[in-house]
Amino acid sequence: MNKRSYVATLTVTLLIVLLAGTYLGLGNRPNLGLDLQGGISAIYTAELQGDEPEEGIDDILDQTVEVIRARVDSLGVAEPDISRAGNDIIVQLPGISDAERVQEIIGTTAQLAFRPVEAVIPPGDPDYEEGPDCAAPVDEREELAAGESGILCGSPTEGASPGEADEDAAATPVEKYRVGPVALTGERIDNAFPTLGQGGFEVTLELDNQGGQEWAEITSELACERDQGQPGMLAIVLDNVVESAPGMNPGVACGTGITGGTATITTGGATQEEQEADAVDLALILRTGALPISLDAATFDVVSPTLGTESLQSGLLAGAIGLVLVGIWLLFFYRVLGLVALGALGIFGVVTLSLITLLGNFGFALTLAGIAGLIVSIGITADSSIIFFERIRDEANLGKTVRTSVKTAFASAFRTNLAGNTVTLAAAVILYFLAVGPVRGFALMLGIASILDIMIMFFFTRPLVFLLSGTKVMNRKTVRAAEPAAVATAGGRR
Amino acid sequence: MRTPNFDFVGRARLWATISGAVILVSLGSLLIGGLDLSIDFVGGTAYRLEGIDPDTTSQELQQAAEEAGAQDVIPQLQGEGDARGALVRTDALEPGSPEAVAVEEALVEVSGADNSTISFVGPTWGQRITQQALEALLVFMVVVVIYISFRLEFKMAVAAVIALVHDLLITIGVYSLVGFNVSPATVIALLTILGYSLYDTVVVFDRVKENGVQLGEPGRRTYAQLVNASMNEVLYRSLNTSITSVLPVAALLFIGAQVLGATTLQDLALALFIGMLVGVYSSLFVAAPFLAWWKMREPENRKAAEREAERLERGGDEADEVPAVTASSERRAPITTEYVRGEGKRKKRRR
């Protein structure tokens, strides 16, 4: 590498930092966690029937908390706060940007069932007045028991998500379906994931053994009905709403059905984005399991932070004081090189903050714990510079020129840095994938910090120090070369 | 400034005694006193207030609850305008007990609430989070052992993990001993410390490994001498890194939490502060001396040490008159980087 490429590297690095700085300068701020800025709080009350076993309710509620946690976690690193209060479940989420979608996913009880369709009743049909009022919210409609036959509403076609009471539903009446008893329930589903099929997005279901058999039976029957001129459709019913009612393909034979234990559900939605969102949501709900009990969303409120702004402010102030102290120490000990280390710290701060801000758009929330992680990473970022500078000092003490010292020192210091950061990165990756809730946010923070640390050392500290090593600024004295080593002779202390 | 000369390895017995004693105290305290887990782990009591004065602040609620005898108070305001309410969570107080009633009354009085309900509140940090965090930790340790074995050496990996467990035990022990509240922030801080402690140990071991080629050279005849010299070479780095890491945390702890009164920061800063100090201590006084002790038990290294002792007994020949540091010998003299790197290489001889 020559001087020119160092200048080029440095320029690009500084441009990127400038970009990050501008992003922050335009007023973009990190999405703060519940403890720092508050968020939305939803209180769900368990619907208890009179004959609900009292002793089992605790376990069921705990299980419900876990299911909700799994659902919220799969939305991203949202750092939720989920707890039970008596028979209520309090769900608190930072920020309010995606409140509606969260509400859908948490609140949907996802009682999934497959029922054979006996007849489709389009709006305007003489029989349409029968059955439930499809303009009413889902949870106010009459429910159809598993063994019963009856009429169910179809899902609004406007790309609305499962279970939601759509305001436009009254304007565009939906179809109704006369369905038979439940042929297969959601419990038989092993896995569900969104896939891109020929006709758009669909959800692929994997059924367990018994589910596969039942699936083959019902599809075989329906194929026979289709051959006799009847609808031959299978209604996919989520919370008493027919999400879709696919007919049997011509390839499905009467007497055989669909075997093999997998099935797909094509989702509705006008645009591809809506289809995709629907497929993702539906798969999520199916995969993370049905809630063990029905929940009523009782209240939906904005809540204040648990810590309060004073805490955040004094924390930030203390952090700033700490940083100034670190700066003084580095300048005192490494002089000119201390400035380089400070520059690296500054870049680390700006780039990390803008990355966190960017991630805020995907649900990431910075909590107090995350800030602590950042404070520790200040130490680790300063360490990269310190290892490098100490190494330069060592080499210079051996009598090498400053230039050669810098070169040798970087190679070895970078290897050390890489080894240390790999361990931290491993911790981050493992914690991210194996842990839940608050630990995940922390792991993400740690991972970002260690990757940035390596990059700053390579793309900022190295070119800058290499360039400085060719100038008067850096000579033996300024890198604090050793005093004459006369003291350290063998007999000195004996 | 010259390379310092401190006998880390030679006094391994002393460090082992210190660490052993502290760990015993920690374990004892954990077994007898246990940990004071916050309501995030064990649940507590929730007071839901409806129709409170719009001017009520969370500070007022917290103060009222604390004065009425509640601990770990987490106040939260809900809603806006006329529909304003609050959710105040405290440590577990039996609903209906005089304490709980006192807290409820104090809260209603300060907030002017129209209606209040009291209920048990479950933990927000559930059993499953703890379990998954522990599982992740175990997987992490296995991966670390594999990585360090591959990148450095198996014995170094074991030494690093021992230092890690050492730090963890002592930090938790301090919490149990002093009776500090353990909150989710503490757990996150502990995880941070683990990363930091390992990072620090790896940096020291990396230098030992790099200097490994000099094993048998004058001044670094035995593995113990090699470790000792390597540690002295990186001592300034270790100290400076520790200082730059501890300074912000100390500021958070002493200025942020004490002077400015942000008590909630205390959990976090304190765990970090203790853990970092222990982490620095362990990478210098636990991991490296343990590695030296273990390696010196290898037959090859034991022979080298015997030869070295013998040479010293003889008084050593002129050419060999070099400073020496051994694990067992009380004789200590400075070794300098320039000696070993410069002349040492020219005089290179393997015995």
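Lettering of chains follows the sequences in order, A, B, ..., and the numbering in each one begins at 1.
- The list of salt bridge (Lys or Arg N to Asp or Glu O under 4.0 Å) pairs with a residue in residues 412-421 of chain A, not counting sequence neighbours, is empty.
- Between B/D72 and B/R89, none of the side-chain N atoms (NZ, or NE/NH1/NH2) sits under 4.0 Å from a carboxylate O, so this pair counts as no salt bridge.
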Working note: A/S384 + A/N417, criterion side-chain hydrogen bond (donor to acceptor under 3.5 Å, both in side chains); need CA distance, chi angles, decisive distance, verdict. CA-CA 6 Å; A/S384 319; A/N417 183 266; 2.9 Å; yes
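- Heavy atoms closer than 4.5 Å to chain B are found in both the backbone and the side chain of A/T416.
- Interatomic distance, A/S412 OG to A/I387 CD1, rounded to the nearest 0.5 Å: 8.5 Å.
- Below 4.5 Å, heavy atoms of chain A meet heavy atoms from B/N240, B/T241, B/I243, B/T244, B/S245, B/L247, B/P248, B/V249, all part of residues 238-250 of chain B.
- Looking at B/V121, both its backbone and its side chain come within 4.5 Å of chain A, counting heavy atoms on both sides.
- Heavy-atom pairs under 4.5 Å with chain B were tallied for A/A428, A/G327, A/A419, A/A426; the largest tally goes to A/A419.
- Scanning for ring pair (Phe, Tyr, Trp, His ring centres under 6.0 Å) contacts around B/Y199 gives an empty result, with sequence neighbours left out.
- No side-chain donor-acceptor contact under 3.5 Å links B/R207 to the backbone of B/S230.
- Heavy-atom pairs under 4.5 Å with chain B were tallied for A/N421, A/T424, A/V65; the largest tally goes to A/N421.
- Counting heavy-atom pairs closer than 4.5 Å to chain B, the top-ranked of the candidates A/T367, A/V423, A/L330 is A/V423.
- Within the structure, salt bridge (Lys or Arg N to Asp or Glu O under 4.0 Å) contacts touching residues 377-389 of chain A (residues at least two apart or in different chains) are A/D383-B/R237.
- If you measure heavy-atom distances from A/L325 to chain B, the contacts under 4.5 Å come from both the backbone and the side chain.
- Of the atoms belonging to A/D88, it is side-chain heavy atoms, and not backbone ones, that fall under 4.5 Å from chain B.
- Proximity to chain A is limited to the side chain of B/I74, based on heavy atoms less than 4.5 angstrom apart.
- For A/I328, no part lies under 4.5 angstrom from a heavy atom of chain B.
- For B/L194, no part sits under 4.5 Å from any heavy atom of chain A, backbone or side chain.
- Classification of the A/W329-A/F332 ring pair by plane angle, with boundaries at 30° and 60°, yields tilted.
- Note: A/F333 and B/Y236 have tilted aromatic rings, judged against thresholds of 30 and 60 degrees for the angle between ring planes.
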